[in-house]
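This report concerns only the one structure given below.
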There are 2 protein chains.
Amino acid sequence: MVTQASPEELTERLRDAITRLNRRLRQERPVGDLTVTQLSALTSLRIGGALTPRELSEAERVQPPTMTKIVAKLEERGLISRTPHPTDGRQVLLSPSEQGLAVLEDYQRVRDEWLAGKLAGFTAQERDTVARAAALLERLARD
Amino acid sequence: MVTQASPEELTERLRDAITRLNRRLRQERPVGDLTVTQLSALTSLRIGGALTPRELSEAERVQPPTMTKIVAKLEERGLISRTPHPTDGRQVLLSPSEQGLAVLEDYQRVRDEWLAGKLAGFTAQERDTVARAAALLERLARD
DNA sequence: CACACTTATTAGCTTAGCTAATAAGCCTGG
DNA sequence: CCAGGCTTATTAGCTAAGCTAATAAGTGTG
């Protein structure tokens, strides 16, 4: 127990930090490359396997029509493929294509350089704090 | 030193957590109310005092034309006022209006309820982790 | 004092998000 | 067994948030 911020201050500071860092992350996107949103959706598909658009929209906390657009962009680039649902004619199953997986590999190695570099500049203890906080923030975002 | 994630994993998890939480925060905005972006800019003006558009755009990590739009929205609502720069005819000084400050007060009390509520559900130790991480994330975002 | 630089804005684009409406398929109760 | 209500996905159309390029106005210096 080191810090002593009031709950209000903590809320405000956290919101501000998230907002700014999100912008900063977005700026790092190389031109012509995947947006953060697209990358996140593709990652969800890699982790979750074949998902329907609805499932994917829930995972990404986005409305279904929004996901339709994101999926369309990923499909244009051949990064995901769609197969009919085995039992439900309405639904579709989305999966990363070979190329999609390859792109994710590249990203994991090459991209996030900026963020990775920043984190590398932290002490081991600071990285530990961030790692623990990341888990907590994921819990927050999940609801 | 509790967690043992690789740097790559940490980078990816942090980016994902930030992205998702940012979306989640955006969803909490009451209809007809300030967007997160507008709120953030207004807060910067409260903290920084009278700033020029350029200074504000730098504080918010946004290009000047983007800030022009945000400022226009805030001005429409009478939340900021602009005064000529005392010595430089090109520049403008932006400050929160009385009403702008009042709105910020309201926000600080009423808004962020969702986030504050979530944080309240954390243990003191978890809140401490988040507080420390927030400071680190701000440092990251600042560059 | 002309010319280069800085500041702010305008114009015009993309992406990301939303709601409302529509079309297609599923399923159940009479 | 099929009519009508639900679910899923998409389309249409909107706003906000971001960008770059171009422009207009003002500053300041060689």
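Just so you know, these numbers come straight off a predicted model, no measurement behind them.
Taking atom CG on Leu39(A) and atom P on dT15(C), their separation rounds to 15 Å, with Å as the unit. The nearest whole Å value for the distance from the CD atom in Gln91(A) to the P atom in dA23(C) is 21 Å. dA16(D) atom P lies 17 Å from atom CG of Asn22(B), rounded to whole Å. Protein atom CD of Glu60(A) is 18 Å distant from nucleotide atom C1' of dA9(D), rounded to whole Å. Whole-Å rounding puts the Leu94(B) CG to dT9(C) P distance at 8 Å. Rounded to whole Å, atom C1' of dT14(C) lies 12 Å from atom CD of Glu76(A). Here dA16(D) presents its P atom at 12 Å from CG of Leu74(B), a figure rounded to the nearest Å. Rounded to an integer number of Å, the gap from CG of Leu34(B) to C1' of dA17(D) is 15 Å.
Checking Ile70(A) against Arg54(B), the closest nucleotide of DNA chain C that is more toward the 5' end is the one next to Arg54(B). Taking for each of Thr66(A) and Asp88(A) the nucleotide of DNA chain C with the nearest heavy atom, the 5'-most of the two is the partner of Thr66(A).
Counting any heavy atom pair closer than 4.0 Å across all strands shown, Lys69(A) reaches a base atom. Within the 4.0 angstrom heavy-atom criterion, only backbone atoms of the sugar-phosphate kind lie near Thr87(A); the bases stay farther away. Nucleic acid contact for Pro53(A): sugar-phosphate only, since backbone atoms but no base atoms lie under 4.0 Å from a heavy atom of the residue.
Under a hydrophobic-cluster definition in which Ile, Leu, Val, Met, Phe, Trp and Tyr are linked whenever side-chain heavy atoms come within less than 4.5 Å, directly or via other members, Leu93(A) and Leu74(A) are assigned to different clusters.
Panel note: side chain Thr43(B), backbone Leu39(B); a donor-acceptor pair is recorded below 3.5 Å. Remark: the backbone N or O of Thr37(B) is not paired with any side-chain donor or acceptor of Ser40(B) at under 3.5 angstrom. Between the Arg127(B) side chain and the Leu119(B) main chain, a donor and an acceptor come within less than 3.5 Å of each other.
Note on Thr68(A): every side-chain N or O is 4.0 Å or more away from OP1 and OP2 of dT11(D). Thr37(A) has a side-chain polar atom (N or O) that falls below the 4.0 Å cut-off from OP1 or OP2 of dG17(C). The phosphate of dA16(C) has OP1 or OP2 within less than 4.0 Å of a side-chain N or O from Thr35(A). Regarding contacts with the backbone of dA17(D), a side-chain N or O of Gln38(B) is found under 4.0 angstrom from either OP1 or OP2. A close approach under 4.0 Å does occur between a side-chain nitrogen or oxygen of Arg82(A) and OP1 or OP2 of dT10(D).
A side-chain contact (heavy atoms from CB on, under 4.5 Å) with Leu94(A) is found for one member of Leu56(A), Thr52(A), Leu51(A) and no other, namely Leu56(A).
Here the side chain of Gln63(A) is nearest to one of dA8(C), dT19(C), dG17(C), namely dT19(C).
If you check distances only, the side chain of Arg90(B) never reaches the base of dT27(D) with a donor-acceptor pair under 3.5 Å.
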